[in-house]
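Ligands are counted one by one from 1 in listed order, and the atoms in each one are counted from 1 as well.
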Amino acid sequence: MDIIEEFKELVMIDSASGKERAIADALTKKLRDLGFAVKEDRAGDTFGGDTGNLTAVREGTRPGAILFCSHMDRVAKGLSIHPQEKDGYLVSDGTTILAADDVSGICAILDGVRRAIASQKPLPRLEIAFTVGEEAGLWGGRALDLSQFQSPFCYVLDSPGTLGRLINGAPGLAKLQVEVQGKAAHAGNEPEKGINAAHILCHILDTLKDGRLDEETVSNFPLLGTGNTATNIVCAQAWAKGESRSRDRKKLEAYMAYFQSHCQESAQGTGAAVTTQAEISFAPFLLEENEPVICHARKALEAMGIEPRIEQGGGGMDANIYNAKGLPSLGVATGYTKNHTLEENLDLASFTRSGELVEKLIETIS
Ligand SMILES: [Zn+2]
């Protein structure tokens with residue numbers, strides 16, 4: 001099947017984080033038709049979704065195994081997509097995203113295994129994971145049982161950029177939260193008897209180091225609120241939520257510790273109780289350039305006459321989870337840019353060769 005036609009077919013099936021049922025069913029059928037044994041796990045249960053991760057295995061006719069991964073869900077504005085070709089790109093009609101993130105990755109994998117099977121050459125064991133809930137917090141990747149795979153590494157086809165771009169690192173993310181418990185009092189009669197939690201929270205945030213912290217670490221606190229619904233009561237409770245990202249796990253942990261002690265120290269002597277939460281949502285990763293997962297990718301791209309470009313990415317993806325679990329996992333670009341926006345586009349020169357890259361990756365495995 002033509003890769004562009006298959007892309008159009010799959011993006012026109014509505015899918016969202018936690019609502020991947022229709023596309024999972026379509027992919028299950030396609031994979032079974034290609035001779036894969038397909039299973040679905042219960043990953044959806046971990047975040048209120050209606051669908052699990054699909055895992056598919058096609059036993060090899062020679063030694064070796066190779067694992068490919070893409071995600072089945074999309075960010076918001078990913079329903080009723082009408083893809084169209086324009087000047088060498090696929091785009092949406094402007095009212096939705098295109099969902100090339102990550103349908104292009106799915107199509108590259110399907111096209112690649114189809115090519116490999118059609119070549120009638122002996123093949124290694126082919127392994128595929130199509131995950132759920134990636135955009136909502138890497139839920140599928142977290143729940144995925146990696147012990148079912150034999151591949152020593154994973155190619156995650158879920159990265160922006162043209163063909164040849166390989167993502168060997170990505171930042172980790174910590175979720176941060178502070179809550180100030182003050183004391184309510186009538187704002188007109190006796191404000192001096194209250195402890196103004198909003199005031200204390202503002203002081204904490206005003207003196208907190210945030211934004212760009214260094215070249216690989218940032219933080220941001222965009223969500224604020226109070227327990228008040230009226231202005232005639234001194235504010236008894238106020239909270240803020242934010243995040244920090246860093247390519248360096250130690251820096252992430254150092255900022256988490258700084259954030260917690262800063263919140264406590266800033267409120268000292270006010271009489272308010274401050275509680276903080278800080279947890280790593282996903283860890284950063286960085287693969288050495290001589291890792292086998294990168295060497296094979298370089299070889300496959302060179303066989304296609306494409307210059308490999310090894311770069312660090314800016315966002316979190318299933319590869320963060322797999323690398324943290326000990327499975328070296330590389331992001332592979334399939335041609336999309338401006339993902340998560342209405343201007344998302346898919347470069348056809350890259351995309352139409354992305355299946356060939358998957359086929360070449362399969363060939364390089366021994
Ligand atoms: Zn993605």
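A distance-only check finds no donor-acceptor pair linking the side chain of Glu291 to the backbone of Pro328 [under 3.5 Å].
Not a single N, O or S atom of Glu134, from either the backbone or the side chain, sits less than 2.8 Å from the Zn ion (ligand 1).
The atom name of the N/O/S atom in Asp158 closest to the Zn ion (ligand 1) is OD1. Of all N, O or S atoms in Asp101, the one lying closest to the Zn ion (ligand 1) is OD1.
Applying the 6.0 Å contact sphere to NZ of Lys19 captures no more than 12 heavy atoms from other residues, nucleotides or ligands. Crowding of Lys338 atom NZ: a count of heavy atoms from other residues, nucleotides or ligands under 6.0 Å not exceeding 12.
Residues Arg142 and Ser281 form a side-chain contact, since some pair of their non-hydrogen atoms from C-beta on lies under 4.5 Å apart.
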